[in-house]
Each structure stands twice: as structure tokens, then as C-alpha cells.
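Shown next, in C-alpha cells, is the structure this report addresses.
Here the structure is a predicted model, which means the values were calculated and not measured. We count residues from 1, following the sequence as given.
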Amino acid sequence: MTASLLEGLNPEQQRAVLHPGGPLLILAGAGTGKTRTITRRVAHLVQARGVAANAVLAITFTNKAARELRSRIAQWVPDTRMWIGTFHATCARMLRVQPEPVGRTRDFTILDEEDRRRLLKNLVQEANWDPAVVRPQAVGQLISGWKRRRMGPEAAAGDAALYSFAEERAARLYAKYQRAVDAQDALDFDDLLLKGLELVEWDARGPGRWARQFQHVLVDEYQDTNEPQYLFVKALSAATGNITVCGDPDQSIYRWRGADIRNILQFDRDFPGAAVIRLERNYRSVGNVLKAAQAVIRHNRSRAEKDLVTQREDGPLLQLVEAPDEELEALEVASAVSRWIREGTPAREIAVFYRTNACSRALEAAFTRRQVPYQVVGGLSFFERREIKDLLAYGRLAVNPRDDVAVERVLNVPPRGIGDSTVQRLRAWAAEFEQPLLELMRREPQREALGTRAAKAVASFLALAQQLRERVDSAEIALRTVLDRTGYRRYAEALGDTEDVDRGENIDELLAFAAEYDARQGGGLRGFLEEVALLTDQDRWDEAAQRVSLMTVHTAKGLEFDRVAVIGLEEGLFPHARALEDPDGLEEERRLFYVALTRARLELLLARSRLRFRTGAPGPQAASRFLDEIPPELVEGAGRGELAAWGEQAPVERVREAKPAMAWNGYSSNDRVRHKYFGVGTVLRVLGLGVNQRVVVRFQDDGSERQLLVAYAPMEKLA
């Protein structure tokens with residue numbers, strides 16, 4: 001059996017599969033067959049080493065990756081008891097089994113981003129603050145950051161006092177928010193990880209249930225782990241030391257949500273005696289794609305050196321598109337995509353990537369004009385639509401009667417005579433009696449105080465909630481009960497809305513999904529709601545559809561296509577302006593570009609615009625520095641220095657006409673300058689004109705040379 005498990009694997013992959021035990025780091029470059037390696041390692045542990053299937057825990061970062069891993073492992077180990085899932089799904093599954101140590105019940109609700117915003121908006125209004133000033137979304141982001149650093153409300157208050165008044169107010173809301181979440185028997189996405197970590201740390205101090213359960217822990221995409229995730233797998237594997245992690249520092253692109261590249265770069269320090277195996281044989285991309293990607297990523301310092309090689313042909317040279325404005329850039333890309341399709345590439349094997357979602361507008365218009373079928377991955381998703389959120393809220397209150405967020409969402413949906421003033425009175429009473437809304441509404445004196453009409457409507461709502469509570473064994477039956485009892489379908493179809501959607505069709509699709517879940521998992525509204533809550537943009541992507549995929553590079557992580565176009569390659573956009581003055585941020589932007597390049601199997605097109613509407617007014621754009629880092633011999637029609645010259649050219653006439661010339665302080669070689677972050681330096685050379693002007697400066701503190709865009713750099717000329 002071992003011989004068949006190793007069939008088709010290269011020597012490095014075989015070593016990883018056969019690793020006897022203890023910590024193992026698999027440094028797997030893009031397209032080097034890491035999923036195959038992990039799959040065979042799990043199969044080897046179960047079949048050749050005799051490890052029980054449910055004693056192996058495999059963690060990935062996306063549901064798509066988890067499904068693929070589960071499917072491949074099933075070919076070798078047909079055992080559904082195996083633990084395979086994302087960090088969030090794994091923690092949720094463990095907490096359903098043993099919620100008591102972290103202060104929850106097995107019926108806890110998972111709050112999504114919109115639920116969190118709704119709850120925070122209520123808290124902002126209760127504090128008599130203006131939601132337009134104290135924005136719930138911004139407060140939620142601050143709270144999420146504190147949670148990722150394992151800072152509770154008290155620690156956050158001390159931290160916020162060092163910064164701005166806005167952060168102080170956010171910290172005050174954090175305490176109220178967490179009390180509300182706890183009272184509702186709920187967890188937000190950050191809590192899932194924190195409570196999962198709390199559970200395994202509690203377990204390690206005594207019972208040892210989970211330490212005994214998992215004899216081997218495997219983690220994919222380890223470069224994207226944040227602190228709670230790192231501590232979670234470290235605690236789970238502490239007893240046995242059997243931890244295998246797989247990842248690529250060059251593809252670490254989630255620093256903005258807490259990912260710490262040091263987790264993978266310092267693995268051998270955290271796990272002494274760790275074996276390190278490098279997978280460097282790329283099976284995905286042709287030679288020119290790989291050479292371009294390697295040339296770019298070598299400019300980073302925070303990485304583990306590896307040399308990707310491919311046995312494939314060089315393939316076509318990279319194409320460059322330089323357009324006068326973003327509309328023409330989109331049309332050029334749409335024309336190239338149309339040509340690829342005519343030449344035989346299926347539309348589903350083509351993707352266009354961009355740095356931010358705002359870039360999709362011009363693309364959608366151009367693809368429509370060129371009659372190219374497309375799908376936007378990551379826009380308003382199916383499960384974020386109003387009618388879907390409403391029906392799922394009914395399901396949530398059936399499973400968890402303490403879920404006030406769900407109750408408030410549907411208490412008067414469809415309208416049943418419970419107005420805003422009534423809701424405010426109910427909320428005030430609930431706070432006074434320290435009871436969930438649903439429980440408070442069962443108090444007869446409070447119902448009678450609402451008046452006859454409102455009291456009758458509340459009683460009807462309570463009856464519906466009880467009826468749903470009796471139908472939680474089937475997701476489909478519970479949702480059909482809502483529709484039958486409330487007339488919600490008629491209400492949804494009659495909604496006046498500018499969205500071009502068929503709400504009735506969406507409702508039917510939700511019912512079909514619920515029926516499919518009942519058949520696949522044996523039924524259950526609780527499990528169905530959890531699966532829906534943990535879906536991501538990739539899970540909503542129809543990879544079989546014959547449409548070109550438009551998506552951000554972050555969404556594209558883990559995917560691959562025959563032909564790829566990357567647009568918006570300009571300073572301030574890609575790399576993003578926020579990263580330009582932060583060396584760590586700039587390196588992450590370069591890793592993001594590397595990820596974009598390595599998604600392509602056969603062909604790459606890179607595009608930039610000289611003029612882009614960034615803030616409502618057109619402005620000239622300088623070419624991305626990443627284009628300068630691609631060797632000219634890999635680019636079609638590029639001569640010596642031609643790529644670098646992109647940043648030196650004056651704006652085209654069209655740009656001059658669109659916006660009057662702006663006055664800039666000119667720089668010359670040997671000028672002395674002071675930079676806000678890098679200190680005093682000397683200008684070595686000047687590139688470009690006007691708003692495109694860049695300067696190369698050597699700074700005296702560390703001797704570094706940096707290329708800076710004058711329009712963005714916080715720098716002044718010294719006398």
C-alpha cells in the first residue's frame with residue numbers, strides 16, 4: 001500500500017509523506033503539489049501507521065480547500081469521521097461538542113459582519129452618539145483587532161487611551177458589545193477562534209480530551225495564521241509534538257487581518273528539532289510566468305529562499321497594456337479576453353484580477369459592451385441579500401431564543417404592527433429585567449402595556465417562534481414554515497427595490513440548498529445555519545460556469561486559471577498607497593502581486609492606466625514599481641529599459657486636457673531631503689515628470705536606497 005501511496009510523487013514529496021513524526025515544515029512554492037502531498041501523508045498515517053482516522057486533524061483556510069482535501073483523502077481513506085475543515089469550522093465543531101468550559105451552549109449563534117454592525121449601531125444610538133460619526137463598521141474593525149491580540153475590553157481601554165478619542169469610544173463600546181454577545185449566547189468570527197483557543201488551553205490544564213483526540217495535526221497555508229490560530233495548533237499538538245505545517249512565506253497576504261509571517265519563518269525555533277522539506281518543482285505554470293514571478297519576489301527580504309523550477313515549456317511572453325484611461329484599459333483587457341475565447345480557451349479558465357473591488361466597474365461595462373460572459377466574485381453575495389438574511393434570522397431565533405439580533409431583524413418583517421417605538425420599549429425592558437427579548441415578550445404585564453394591537457402582534461410572533469422551535473430537525477421544513485405562516489414570499493416579491501433580482505427565485509434557491517443539506521447531513525437547522533455562516537466568497541463562486549471570473553487578488557488565493565489578466569498596475573493602487581511608506585506593507589503588496597502572477601498556467605496580461613478616477617476626479621498615474629522588477633526579455637515588445645521608462649514618461653495629452661498641470665517642488669540629483677520615517681537622505685536620481693515624478697534616495701541612517709513617488713512621500717527638501 002505504501003508503494004501505491006508514493007506513486008507519482010517526486011523525492012521531496014515522498015519524504016514529506018513518510019516523515020515518521022514530530023514537527024515538520026513543508027515549504028511549498030506555488031503550484032508544487034502541496035495538496036497531493038498532504039493527502040498522501042494523511043493516507044499514510046491512517047493506512048500504514050495505523051492512526052485512527054478521527055485522530056487526524058487537518059486544517060485549511062477556505063471551505064473550497066477543505067472540500068478538495070476531503071474528497072482526495074476519501075479516495076484513500078473512506079472514513080467520514082475525519083476532522084477536516086477551516087480554523088473557524090474546526091473551532092465551531094469543537095465548541096458544539098463541548099461549549100460549557102467557555103460559557104456557551106451548543107445552540108450558540110454565529111454573528112456575521114452585518115449582525116455585528118447592527119448590534120454596534122444599536123449600542124452607538126443607546127450612547128446618544130451619531131452613527132455617521134462613530135461608525136459601527138470602524139468600531140467593529142477596532143474590536144476585531146483587539147480580539148486578534150487577545151485583548152479584552154479592559155485591556156483595550158488602556159490601549160485606546162494612548163491613541164485617539166475615537167479609539168477610546170470604541171473601547172467603551174467594546175465592553176457593552178461583548179456583554180451583549182455573551183448574553184445572546186453568540187460568537188462573532190473572532191470569538192470562534194478565541195473560544196476555540198480558550199477551550200484547548202483549558203483542556204490542556206486538566207481533562208486532556210482534545211490532546212488525546214488528535215494524535216496528528218496538519219495545517220495548510222500556515223503562512224496566513226494569526227496569533228490565536230498559531231497558539232491553537234501549538235496547544236493541540238503540544239502533547240504529541242506531531243504537527244505538520246505546509247505553506248509559502250512568499251504567499252503571505254493577510255497581514256491586514258492579523259496574519260504573522262514570522263509564524264512560518266520561525267517554525268524551527270517554535271518547534272525545536274523540526275524537519276524542513278522544500279517543494280520546488282512547479283507543475284502549474286509555464287516557464288515565462290514562473291521566471292517573472294520569481295524575479296519580482298526576490299526583491300523581498302522577509303522570505304525563505306527557494307528556487308521554483310518547471311518542466312513545462314517557456315510559453316508565450318507576458319503582454320503589457322498601457323491605456324490612456326481606465327475605460328480604455330478595461331476595453332483592451334476585454335478584447336484580449338474575447339480573443340482568448342475565440343482561440344479556444346474556455347471562459348471558465350480565464351480570470352481578471354484587481355487590487356480593490358472598485359476596479360470592477362469599468363471591467364463590467366467593457367465586458368458587457370464586448371459581449372463577454374463574466375461573473376464578479378465577491379460582490380453582493382447570495383447569502384447577504386435581504387430576503388435570505390431575513391429567512392435565516394427566523395431560523396436563528398428558532399435555534400437560539402436568546403439571539404436578540406435575529407429577533408430585532410424580523411420582529412416586524414413582514415409588517416405585523418410592531419413599530420420602532422415598540423421595539424425601543426421592549427429593548428429597554430429587556431435591559432431592565434436582564435432578559436433576552438424573546439423571553440421578555442413572554443411577560444404578560446409588558447405585553448399588555450404595549451396596547452392591544454401591538455400585544456396581539458407580539459403574541460403571534462411568540463407562537464411562530466415556538467412552532468419553529470419544534471421544527472429544527474429539518475432546515476427545509478423550518479424555512480417553509482416561516483414562508484407559510486408569515487406570507488413572506490408575497491412580501492419579498494412586492495418589495496420596491498432598485499436591485500435587478502428575482503427575490504422569489506432566491507427564496508426557492510435557499511429552500512433547495514436547505515433540502516440538499518438535510519439530505520447530505522441528515523438534516524438539522526443548527527448545522528445548516530452554521531454552514532451558511534462560515535461560507536466565503538470562493539464558496540459562492542461557480543467554477544463550472546462558462547463565464548470569465550472577475551475578482552480581487554485576495555479572493556484568487558488558492559485558485560488557478562489557464563489565462564490571467566492583472567489590471568490597475570499603478571503606484572498608489574497596486575502597490576496600494578497605504579503600503580508605500582511601510583517596508584513590511586510594501587513587501588506584502590509584492591507578495592500579493594506574486595500570488596496574482598502564479599495563478600496563471602499558460603499566459604499573463606498586465607495592464608495599467610495613465611489616468612484613473614480615484615476620488616471622483618481624474619488624476620495621472622505612475623506605473624507600478626512591480627513592472628520595473630520584471631525582466632524586459634520576458635515581456636512582448638519590451639526593449640532594454642522600456643519597462644522602467646513607463647514611470648518616466650510625461651502624461652499623455654489627454655491627461656493634460658483632463659486636469660490642469662499641478663505645481664510640484666522639483667528635485668535634482670544631490671538634493672538633501674528629510675523623510676518623515678526614513679530620516680535624512682540624498683537624492684541619487686530623478687525619474688519622471690510632474691505628478692509621475694519619482695526620486696531614488698539613499699538614507700544615511702541605514703544606507704538603504706528607496707524609490708519614492710513625490711506625490712505621496714512625506715518628504716521635504718533641505719537647504
Any salt bridge linking Arg599 with Glu560? Criterion: basic side-chain nitrogen under 4.0 Å from a carboxylate oxygen. no
So that I can tick it off, tell me whether Glu114 and Arg117 are bridged by a salt bridge, with the cut-off set at under 4.0 angstrom between side-chain N and carboxylate O. no
For the residue pair Asn400 and Thr109, confirm or rule out a side-chain donor-acceptor distance under 3.5 Å. yes
Please check if the side chain of Gln229 supplies one atom and the backbone of Asn226 the other of a donor-acceptor pair under 3.5 Å. yes
Arg257 with Asp224: basic N within carboxylate O range, under 4.0 Å: no
Does the structure place the NZ or CZ of Arg96 under 6.0 Å from the centre of the six-membered ring of Phe108, at an angle of no more than 45° from the ring's axis? yes
Quick one: do Glu227 and Arg149 make a salt bridge, cutoff under 4.0 Å? no
Without swapping roles, check the side chain of Thr32 against the backbone of Lys34 for a donor-acceptor pair under 3.5 Å. no
Taking it one step at a time, do Lys195 and Glu198 satisfy salt bridge (charged side-chain N to carboxylate O under 4.0 Å, His left out)? CA-CA 5 Å; Lys195 293 299 185 181; Glu198 185 181 328; 3.4 Å; yes
Going by distance alone, is a donor N or O of one side chain under 3.5 Å from an acceptor N or O of the other, for Glu221 and Gln223? yes
In terms of side-chain geometry, is the basic nitrogen of Asp115 or Arg409 positioned less than 4.0 Å from the acidic oxygen of its partner? no
Strictly distance-based, threshold 3.5 Å: is any side-chain N or O of Arg116 a donor or acceptor partner for the main-chain N or O of Asp112? no
Decide yes or no on side chain to side chain donor-acceptor pair (under 3.5 Å) for Tyr594 and Gln251, but give the supporting numbers first. CA-CA 7 Å; Tyr594 174 81; Gln251 297 185 69; 5.5 Å; no
Side chains of Tyr283 and Asn10: is there a donor and an acceptor less than 3.5 Å apart? yes
Taking Asp270 first and then Arg262, would you say they form a salt bridge - that is, a charged N and a carboxylate O separated by under 4.0 Å? no
Between Arg563 and Glu349, is there a side-chain N and carboxylate O pair less than 4.0 Å apart? no
Which word best sums up how the rings of Phe593 and Phe626 line up, parallel for under 30°, tilted for 30 to 60°, or perpendicular for over 60°? parallel
Salt-bridge present (Arg303, Asp250; N to O < 4.0 Å): yes
Is there a donor-acceptor contact under 3.5 Å linking the side chains of Glu588 and Trp256? no
Please check if the side chain of Arg355 supplies one atom and the backbone of His576 the other of a donor-acceptor pair under 3.5 Å. no
Report yes or no: does Arg284 contribute a side-chain atom to a donor-acceptor pair with the main-chain N or O of Thr598 at less than 3.5 Å? yes
Examine distances only and state if a side-chain atom of Asn63 and a backbone atom of Leu534 form a donor-acceptor pair shorter than 3.5 Å. yes
Any salt bridge linking Arg72 with Glu68? Criterion: basic side-chain nitrogen under 4.0 Å from a carboxylate oxygen. yes
Check ion pair Arg118-Glu113 (N to O, under 4.0 angstrom): no
